[in-house]
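When a ligand or atom number is given, it counts from 1 through the structure's own listing order. A quick note: this is a predicted structure, and the numbers were derived from the prediction, not measured.
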Amino acid sequence: MSSDILRVAVIGGDGTGPEVAAEGVKVLKKVAALENIKVELKDFDFGGERYLQTGEILPADAVEELSTFPAILLGAVGHPDVAPGILEKGLLLELRFRFDQYINLRPVKLFPGVETPLAGKTPDDIDFVVVRENTEDMYAGAGGFLKKGTPDEVAMQTAVYTRKGCERCIRWAFEYTRKRNKKKRLTLVAKTNVLTYGHDLWWRTFQDVAREYPDIETDYNHVDACCMWMVKNPDFYDVIVTTNMFGDIITDLAGILQGGMGVAAGGNINPDPGGVSMYEPMGGSAPKYTGTGKINPIAAISAVAMLLEQAGHEKAADRVMTAIQTVTGTKMKSQAAGKMGYTTAEVGDLVCEAL
Ligand code: IPM
Ligand code: MN
């Protein structure tokens, strides 16, 4: 039956993006064969090169075609010859908004054998998830200039929060906390002491939705305190739910705690029926490493595990996660680019072998 086929669009993107995406695809194909999952893959060449050649970031019919894929695997966005912001906005943020991917899921897990900058912390201490709202806040693009370029210039950048927007994210986070079934603790991270309108809406909504989940312990941190706590007591966290901008910032902090950008992955998820979700390593395009085989594909492979999990193939997802941990724990020397003890493709092969 065609509905049993897992269709995945692959956007390798810029720099080392295609290389790490290829390793993700390699592992996806292998685990699919082992688990009897039918996979159909299609490559799309969107990114900096195509933009420089054609002036087009996302062709008019691209969104329509991508909308037929429940999942997108994205390598990386960012080209040295394209001004910062153009591809990020025109490709990454555009897809997040167009497909209303309102959940940005960032698992923060210290794999065995991976070095964390936190002294004395082990994989038992660093294992939580950040659920970042992914469509509103300062990312909504609301704002403008007054008297631009004059000494009297005014610039406004407005944070937009809606009841619907925060409620659907908060509810999804409660569901995820329940399903994850670990500490069953959901921490709201915001700044209610200063953002007394927008984050008051988040706070009230969090309290309302919490009533539907009496089995989940609720907790609140101001974002600044969360940054301290995440470094001092990362083991306290189970699931964090937060706004788009704060989520962007704290997930970089969290990413370094789990061993850096070579291992951190994210999912941009539209959980609604027929939704198109997009999974990505957080590492960026690292142009100077392009084609050198030095970049770490673990994050991209971990993005594939998330893709499988969200597509309902939990067993396959677990298998990939276990294989990743075998490889980080028993094979790789480091997670840093060029120091892994293996090439990009060899790390992909090792994960396949460990499946
Ligand atoms: C991320 C990135 C993006 C963001 C950038 C590239 C627009 O930092 O996915 O966290 O700010 O969301
Ligand atoms: Mn970010």
Side-chain angles (χ1 to χ4, degrees), residues 11-17 20-21 24 46-48 51 57-58 71-109 128-143 157-161 165-166 169 173 189-190 223 226-227 230 240-270 276-287 295-296 298-300 302-304 306-307 310:
I11 306 177
D14 303 316
T16 53
V20 294
F46 309 139
Y51 171 66
I57 301 183
L58 270 179
I72 301 171
L73 179 64
L74 176 67
V77 173
H79 191 292
D81 301 333
V82 180
I86 297 199
L87 296 167
E88 289 86 342
K89 271 185 114 163
L91 189 60
L92 182 66
L93 297 180
E94 180 69 13
L95 290 175
R96 284 181 184 171
F97 290 134
R98 289 293 283 268
F99 292 126
D100 201 21
Q101 294 164 341
Y102 58 88
I103 301 298
N104 191 321
L105 183 64
R106 297 266 169 102
V108 184
K109 189 172 166 62
F128 62 93
V129 173
V130 179
V131 177
R132 162 185 172 192
E133 199 288 323
N134 212 27
T135 58
E136 303 194 332
D137 204 346
M138 280 183 285
Y139 283 77
Q157 194 87 45
T158 308
V160 176
Y161 306 102
C166 65
C169 175
V189 169
V223 64
C226 168
C227 292
M230 200 183 274
I240 289 174
V241 63
T242 190
T243 56
N244 204 349
M245 191 80 244
F246 290 169
D248 177 47
I249 298 165
I250 68 170
T251 53
D252 265 30
L253 173 60
I256 210 73
L257 303 187
Q258 74 183 112
M261 295 301 137
V263 287
N268 304 275
I269 299 171
N270 178 336
V276 177
S277 300
M278 178 166 71
Y279 302 86
E280 45 168 342
M282 273 168 72
S285 59
I295 205 78
N296 189 346
I298 290 291
S302 178
V304 163
M306 218 186 300
L307 185 162
Q310 294 302 321

Point to revise | N or O contact, N104 vs ligand 1, cut-off under 3.5 Å | key: no
Atom 5 (C) of ligand 1 has as its nearest protein heavy atom L92 CD2, 4.2 Å
CG (L73) and OH (Y279) are apart, to the nearest 0.5 Å, by 10.5 Å
Within 4.0 Å of some non-hydrogen atom of E88, the atoms of ligand 1 are 6 (C)
Would you check if the side chain of D14 reaches a backbone N or O of G78 as a donor-acceptor pair within less than 3.5 Å?
yes
Separation between CZ (R98) and CG (L93), nearest 0.5 Å, reads 13.5 Å
among protein heavy atoms, the one nearest atom 4 (C) of ligand 1 is Y139 OH, 3.4 Å
Atom 1 (C) of ligand 1 sits nearest the protein heavy atom R106 NH2, 3.4 Å
Rounded to the nearest 0.5 Å, the CZ atom of F246 sits from the CD atom of E133 at a distance of 13.5 Å
Near R132 (heavy-atom distance under 4.0 Å), the atoms of ligand 1 are 1 (C), 4 (C), 10 (O), 11 (O), 12 (O)
Donor + acceptor pair across side chains of Y161, D137 (<3.5 Å): yes
Residue, atom and distance of the protein heavy atom nearest atom 8 (O) of ligand 1 read D248 OD1, 3.3 Å
Among the N/O/S atoms of D248, the Mn ion (ligand 2) lies closest to OD1
Side chain to side chain donor-acceptor pair (under 3.5 Å) test vs Y139 passes for just one of N134, D248, N244, namely D248
- Message: Under 4.0 Å between a side-chain nitrogen and a carboxylate oxygen: does that hold for R96 and E88?
- Response: no
Residue, atom and distance of the protein heavy atom nearest atom 9 (O) of ligand 1 read R96 NH2, 2.7 Å
